[in-house]
Amino acid sequence: AQSVAQPEDQVNVAEGNPLTVKCTYSVSGNPYLFWYVQYPNRGLQFLLKYITGDNLVKGSYGFEAEFNKSQTSFHLKKPSALVSDSALYFCAVRGANSGNTPLVFGKGTRLSVIA
Amino acid sequence: GAVVSQHPSRVICKSGTSVKIECRSLDFQATTMFWYRQFPKQSLMLMATSNEGSKATYEQGVEKDKFLINHASLTLSTLTVTSAHPEDSSFYICSARDLNRVNTEAFFGQGTRLTVV
């Protein structure tokens, strides 16, 4: 069975400081990993994904994530946080050989960037 | 990038009435779409997988007679909440992938905020 854990319900960071939102996963075989962001009363916006290749993935709005196979992690990072980054962030996984199955989401982490 | 359009974005209805939510893939074909429900401050809960031209596959605990899903074409899936009650009030989100592009991410509609009064 596939699963995603986001251990933090809430992350607070000062504007300009680096931010990290944690994610670990469990999947059979190779994983496809994704990060999405959700603003209030909106759908999910795609940020970045890891399929294969370089473990460090760069995405939208200056975000990046590092795939760590040994730790089964895919933490989201940004070098310098903005107040506008405040939102709900979801990590998701799908097995590479799982066909057209839906993504499995973590419970989400609310990021609050304080000016 | 691929776009998924969901309509309406917000709807208020009276208890006992039915509400239809549309999900369209605007620039790609989606033989499969997914419907999620999200409660306040919680993650997305998969309700059903919508398959073009066939019956939807519902997750355990989701009433198929209450949440009717129709996927009549490669670009449109609809979710109808029948005989809505206040406990059906929630945020509903659809998702689709472009099956012609391997290893792509899923794209999400804007979501529909349903309030049953």
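Note: hydrogens, waters and symmetry copies are ignored here, and every other heavy atom, side chains too, is used. Sequence lines set the chain letters: A, B, ... in the order given, protein chains first and strands last, and positions in each chain run from 1.
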Would you say that more than 12 heavy atoms from the other residues, nucleotides or ligands in this model lie under 6.0 Å from the [atom1] of [X], or not?
X	atom1	answer
K66(B)	NZ	yes
H7(B)	NE2	no
R113(B)	CZ	yes

Are [Y] and [X] linked, directly or through intermediate hydrophobic residues, by side-chain heavy-atom contacts shorter than 4.5 Å (ILVMFWY only)?
X	Y	value
F108(B)	W35(B)	no
L74(B)	L76(B)	no
W35(A)	F90(A)	no
L76(A)	F67(A)	yes
L48(A)	V4(A)	yes

Just checking heavy atoms, which of [range] are less than 4.5 Å from chain B?
range	answer
residues 52-63 of chain A	none
residues 104-115 of chain A	F105(A), G106(A), K107(A), R110(A)
residues 9-22 of chain A	none

Q6(B) versus chain A, the contacting section by heavy-atom distance below 4.5 Å
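Neither part; nothing is under 4.5 Å.
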
Select one option (side chain, backbone, both, neither) describing which atoms of L103(A) are under 4.5 Å from chain B's heavy atoms.
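The answer is both parts of L103(A).
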
Over all heavy atoms of both residues, which pair between N41(A) and F91(B) is shortest? Give the atoms and the distance, please.
C-CZ, 3.6 Å

For chain A, which candidate among A106(B), G111(B), S43(B), S9(B) shows the most heavy-atom pairs at distances under 4.5 Å?
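Option with the top pair count is S43(B).
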
Pairs where residues 28-99 of chain B contributes a residue and the test disulfide bond (SG atoms under 2.5 Å apart) is met, not counting sequence neighbours
C23(B)-C94(B)

Give, for atom [atom1] of [X] and atom [atom2] of [Y], the distance between the pair rounded to the nearest 0.5 Å.
X	Y	atom1	atom2	result
L47(A)	E105(B)	CG	CD	10.5 Å
Q110(B)	Q45(A)	CD	CD	10.5 Å
I93(B)	Q38(A)	CD1	CD	5.0 Å

